[in-house]
S.K.: 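Pasting a structure here, questions to come.
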Amino acid sequence: MTFAINREENILRFTIKRPEIRNAINHEVIDGLEKLVSTVHNDSTIQFVVITGEGDEAFCSGGDLSIFHGLHTAHEAFPMLDRMASVLYNVATLPVPVIALVNGHAVGGGCEIATACDFRLVSSKAKAGFIQGSLAITSGWGGGTYLLEKLARQDIAMHMLCESKPYAADALLEKGWATQVYDGDKEQALQSFLIEMTQVEASVHRAYKQMLIRKWIGQNLLGQIKEEVKNCSLLWEAEEHHKAVQKFLSRKK
Ligand SMILES: CCC(=O)SCCNC(=O)CCNC(=O)[C@H](O)C(C)(C)COP(=O)(O)OP(=O)(O)OC[C@H]1O[C@@H](n2cnc3c(N)ncnc32)[C@H](O)[C@@H]1OP(=O)(O)O
């Protein structure tokens with residue numbers, strides 16, 4: 001199994017379990033995120049959702065290039081992008097706070113997943129960035145839309161998207177992408193982040209989350225995400241994209 005869903009008291013945790021390829025996303029992990037969403041909707045006692053990656057190296061390295069490289073045309077890429085974008089919107093709009101425990105690198109689609117979450121607790125050793133531009137595509141799972149929505153400074157968000165590179169944790173904090181940066185043990189970091197929040201009734205968290213979701217519905221965030229998906233699928237079929245992916249997959253270390 002390439003993912004795990006575990007419950008610890010009122011916290012539901014989703015772990016991507018593909019550390020050998022830096023927790024890249026395959027179809028089974030997408031299925032797992034769907035399962036996570038339905039579990040939360042069917043259990044009103046869940047207070048928080050945590051998404052993380054196995055190991056110390058990576059939170060998530062984005063789409064599994066060895067699989068998704070097989071998608072050539074916009075027509076072929078669109079269903080994968082659209083499905084993941086929909087699943088991620090369902091994660092972003094879960095009725096409880098969602099925390100990305102960024103235990104290691106979060107690049108490409110991995111950075112999109114973390115950006116869709118309400119909070120990002122980032123290891124001081126991690127790097128994160130929207131590196132999709134270096135593969136001649138844009139974000140395509142909604143991440144660009146979330147970034148432009150979530151960062152207080154739009155110029156910084158645009159710069160991150162257009163530079164298409166990974167940033168160190170301190171820079172991510174300065175830009176407003178990281179909620180907190182932690183040293184050492186991720187479990188301790190999570191515990192201290194949640195300690196004050198757990199003193200507040202879960203119904204209060206749920207009410208604030210609804211406030212946020214209403215705002216996003218009002219500004220048609222989902223419609224904007226659908227446009228992002230469409231544009232990404234058009235860039236996907238260009239020769240430049242396929243060459244860049246091929247270069248990554250065939251690089252010599
Ligand atoms: C769907 C839209 C998208 O998500 S587009 C973005 C796709 N993602 C990427 O381009 C990121 C590619 N990965 C990386 O940049 C690096 O692997 C990062 C995450 C920075 C980690 O570096 P480092 O710790 O040095 O590991 P490494 O590069 O030696 O990789 C270890 C093995 O894992 C593999 N791997 C890594 N990422 C992916 C991926 N996204 N898809 C498929 N395989 C991936 C590497 O190829 C490497 O495999 P191997 O050990 O050489 O067989």
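Side chains included, hydrogens not; waters and symmetry mates left out as well; all remaining heavy atoms used. Remember, predicted model here, so these are calculated numbers, not experimental data. When a ligand or atom number is given, it counts from 1 through the structure's own listing order.
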S.K.: Any idea which of R22, R251, M84, E20 brings a heavy atom closest to atom 32 (C) of ligand 1?
M.R.: E20
S.K.: Any heavy-atom pair between the side chains of T93 and K209 that's under 4.5 Å?
M.R.: no
S.K.: Below 30° counts as parallel, above 60° as perpendicular, anything between as tilted: where do the rings of H241 and W236 land?
M.R.: tilted
S.K.: Out of C232, P19, S61, who is nearest to atom 7 (C) of ligand 1 when you count heavy atoms only?
M.R.: S61
S.K.: Find out whether N103 and D56 are in side-chain contact, i.e. whether some heavy atom of one side chain is under 4.5 Å from a heavy atom of the other.
M.R.: no
S.K.: How does V245 reach ligand 1, by side chain, by backbone, by both or by neither, if only non-hydrogen atoms under 4.0 Å count?
M.R.: neither
S.K.: Atom 10 (O) of ligand 1: which of I131, D56, I25 has the nearest heavy atom?
M.R.: I131
S.K.: Which of the atoms of ligand 1 are close to G62, meaning less than 4.0 Å from one of its heavy atoms?
M.R.: 4 (O)
S.K.: May I ask you to check whether Q224 and E149 show a side-chain donor-acceptor distance below 3.5 Å?
M.R.: no
S.K.: Among side-chain atoms of S139 and E228, is any donor-acceptor pair under 3.5 angstrom?
M.R.: yes
S.K.: What I want to know is whether L65 and ligand 1 share at least one N or O pair that is separated by under 3.5 angstrom.
M.R.: yes
S.K.: Does the N or O separation between G109 and ligand 1 drop below 3.5 Å for any pair?
M.R.: yes
S.K.: Near A24, which atoms of ligand 1 are under 4.0 Å from a heavy atom of that residue?
M.R.: 39 (C), 40 (N), 41 (N)
S.K.: If only atom types and distance count, is the side chain of T15 paired as donor or acceptor with the main-chain N or O of K17 below 3.5 Å?
M.R.: no
S.K.: N6 and A4: which non-hydrogen atoms are nearest, and at how many Å?
M.R.: OD1-CB, 3.8 Å
S.K.: Look only at interatomic distance and state if G108 has a nitrogen or oxygen under 3.5 Å from any nitrogen or oxygen of ligand 1.
M.R.: no
S.K.: Say whether E28 and T2, considering side chains only, have a donor N or O and an acceptor N or O under 3.5 Å apart.
M.R.: yes
S.K.: So which bit of L81 gets within less than 4.0 Å of ligand 1, heavy atoms only: side chain, backbone, both or neither?
M.R.: neither
S.K.: Against heavy atoms of V107, which atoms of ligand 1 measure under 4.0 Å?
M.R.: 11 (C), 19 (C)
S.K.: With atoms numbered from 1 as shown, which atoms in ligand 1 lie under 4.0 angstrom from a non-hydrogen atom of D64?
M.R.: 41 (N), 42 (C)
